[in-house]
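Okay, structure first, notes after.
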Amino acid sequence: MRIGILTSGGDCPGINATIRGVCKTAIYNYGMEVVGIHGGFKGLIELDFELMDERSLTGLLTMGGTILGTSREKPYSKKHAIPGVDKPALLKANVEKLGLDAVVCIGGNGTQKTAGKMANAGIPVIGIPKTIDNDVAGTDICFGFQTAVSIATEAIDRLHSTASAHRRVMVIEVMGHKAGWIALYSGMAAGGDVILIPEREYSMEKICQAIMNRMHRGKNYAIVVVAEGISTPRPNHAGEYIASTIADMTGIETRETILGYTQRGGSPCPFDRILSTRMGSHAVKLIADKQFGRMVAVRGDSITSVSLSEVAGSTRLLPVDHELILQGQRMGVCFG
Ligand code: F6P
């Protein structure tokens, strides 16, 4: 068999480890040929590719980013349409031209949606979920998430001492798009006093009260972890809004730190290296078994798969009664 592999959407730690998992399993275990498609779906439309061999796989397990490159090209979206270019038809024709028996699409929600449309168009496709946001439906976890949580946790750990030295409130804005997974996990791991997630409404009065109560208990600083996707009157400036409002309402000196892209750059943590390897390898097994139109998924400790039709278009938000939220509340953490 000859298979294609592409990476699409925002990058995250573990993509290269997944490419390695796919390629090594395909080449060594199944004797397949692997075509690496450059720049996501754009590369499939423009026929920009390379043949993957042992040399292209060196050093991938620990490497951040994606050696194949990525783009936000959405071939089925009207917004991405170019007059006179039939992208869906080109996609199908090029899969045939390259002689691909299957295409592995590594990406987040948008990518899995496109993969679902390819499957509906009769293209044999397998999805592998990736995102630091951990918000792909149909899987318990995505690779990239644990690494992002580790990076955010380390950053918040470091903010405790400077916050304490200056008797300040420190607001840390973390990524996560519309989901609060990174905020909840890094906030709890680093002892946040207030954790704000998009899935829950918050009240500035309650937040300020929690901070003042903490100060009255003799603590001289507070840590507030804010998911970038919470709703604020100033969209895309969650951390800044929360920090300036706390300063105005409490009179306590407050600073904000936006962690931004550091959360998705660099080497994957050991957990994500293993997850990427397992997911990549499982994708090839699905192809060998001719189980197309599916996305590799995690259920508990097992690697399994779900139909792309079940995944496409949904986002896995944090349940508001998530066990970790309830634990945090019992320990006095304010969730807004
Ligand atoms: O989906 C991952 C993510 O890092 C989000 O957390 C963030 O909102 C978004 O991508 C930013 O992506 P970009 O600036 O690359 O479009």
Side-chain angles (χ1 to χ4, degrees), residues 132-135 145 148-260 262-263 317-336:
I132 63 165
D133 302 335
N134 206 31
D135 63 351
F145 171 63
V149 168
S150 304
I151 295 166
T153 301
E154 198 200 317
I156 302 167
D157 284 349
R158 287 175 183 278
L159 292 169
H160 279 262
S161 58
T162 172
S164 172
H166 289 263
R167 300 175 167 260
R168 284 173 174 161
V169 175
M170 273 296 171
V171 174
I172 304 100
E173 182 191 299
V174 297
M175 279 188 166
H177 201 225
K178 296 283 173 221
W181 295 99
I182 299 177
L184 176 65
Y185 276 76
S186 62
M188 288 299 288
D193 304 300
V194 178
I195 300 173
L196 304 181
I197 56 172
E199 293 85 349
R200 274 179 71 109
E201 284 184 6
Y202 62 89
S203 127
M204 283 313 307
E205 283 73 25
K206 280 193 195 157
I207 294 167
C208 292
Q209 195 56 58
I211 292 169
M212 294 312 288
N213 289 347
R214 182 176 152 84
M215 298 296 180
H216 290 140
R217 290 198 308 272
K219 314 274 182 162
N220 66 5
Y221 74 98
I223 297 287
V224 179
V225 181
V226 177
E228 64 175 350
I230 61 162
S231 78
T232 65
R234 288 183 236 147
N236 303 325
H237 293 93
E240 194 186 298
Y241 170 76
I242 297 293
S244 61
T245 312
I246 291 173
D248 291 347
M249 287 175 67
T250 63
I252 304 172
E253 207 172 60
T254 303
R255 294 285 190 269
E256 86 257 5
T257 300
I258 298 170
L259 292 187
T262 55
Q263 292 161 96
L317 296 178
L318 190 52
V320 285
D321 59 350
H322 189 281
E323 185 219 325
L324 197 50
I325 298 179
L326 304 180
Q327 303 281 2
Q329 282 172 329
R330 289 198 287 272
M331 293 169 66
V333 177
C334 169
F335 286 91

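Nothing here was measured: the structure is a model prediction, and the numbers come from that model. Worth knowing before you read on, the calculation uses all heavy atoms, side chains too, and leaves out hydrogens, waters and symmetry mates.
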What's the shortest heavy-atom distance between [X] and [Y], and which atoms?
X	Y	value
A227	G180	CB-CA, 4.4 Å
A163	I223	CB-CD1, 4.4 Å
L196	A183	O-CB, 4.0 Å
G336	I207	CA-CG1, 4.1 Å
A238	T232	CA-CG2, 3.9 Å
T153	V149	OG1-O, 2.6 Å

Which distance, rounded to the nearest 0.5 Å, do you find between the [atom1] of [X] and the [atom2] of [Y]?
X	Y	atom1	atom2	answer
M212	E205	CE	CD	13.5 Å
S244	M249	OG	CE	11.5 Å
S186	I195	OG	CD1	7.5 Å
I172	L159	CD1	CG	5.0 Å
L324	F335	CG	CZ	6.5 Å
K178	I197	NZ	CD1	14.0 Å

| Where at least one partner belongs to residues 200-258, residue pairs that pass ring pair (Phe, Tyr, Trp, His ring centres under 6.0 Å), sequence neighbours excluded |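 Every pair satisfying ring pair (Phe, Tyr, Trp, His ring centres under 6.0 Å) with a residue in residues 200-258: H160-Y221.
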What residues, two or more places apart in sequence or in another chain, satisfy side-chain contact (heavy atoms from CB on, under 4.5 Å) together with [X]?
X	result
P319	W181, D321, H322
N220	S164, R167
I258	E173

| With sequence neighbours left out, what residues match R200 under salt bridge (Lys or Arg N to Asp or Glu O under 4.0 Å)? |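 Salt bridge (Lys or Arg N to Asp or Glu O under 4.0 Å) list for R200, sorted by chain: empty.
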| query | Can you name the salt bridge (Lys or Arg N to Asp or Glu O under 4.0 Å) partners of R234, sequence neighbours left out? | reply |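 In terms of salt bridge (Lys or Arg N to Asp or Glu O under 4.0 Å), with neighbours along the sequence ignored, R234 is linked to E240.
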| task | Hey, could you give me each pair passing salt bridge (charged side-chain N to carboxylate O under 4.0 Å, His left out) that has a residue in residues 181-194? Not counting sequence neighbours. | result |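 Passing the test, one end in residues 181-194: D193-R214.
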| What pairs of residues pass the salt bridge (charged side-chain N to carboxylate O under 4.0 Å, His left out) test when at least one of them lies in residues 245-256, not counting sequence neighbours? |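 Of all non-adjacent pairs touching residues 245-256, those that pass salt bridge (charged side-chain N to carboxylate O under 4.0 Å, His left out) are R168-E253.
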Is the shortest heavy-atom distance from the side chain of [X] to the side chain of [Y] under 4.5 Å?
X	Y	result
V194	V169	no
I182	N134	no
I252	I246	no
I242	I230	yes

For [X], all residues meeting side-chain hydrogen bond (donor to acceptor under 3.5 Å, both in side chains), sequence neighbours excluded:
X	value
E323	Q327
E201	none
Q329	none
D157	none

| So, Q263 side chain and I132 main chain: donor-acceptor pair closer than 3.5 Å or not? |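 No, Q263 side chain to I132 backbone: no donor-acceptor pair under 3.5 Å.
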| message | Whether the side chain of E228 engages the backbone of H177 through a donor-acceptor N/O pair (distance < 3.5 Å, no angle test) should be reported. | response |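 Answer holds: yes.
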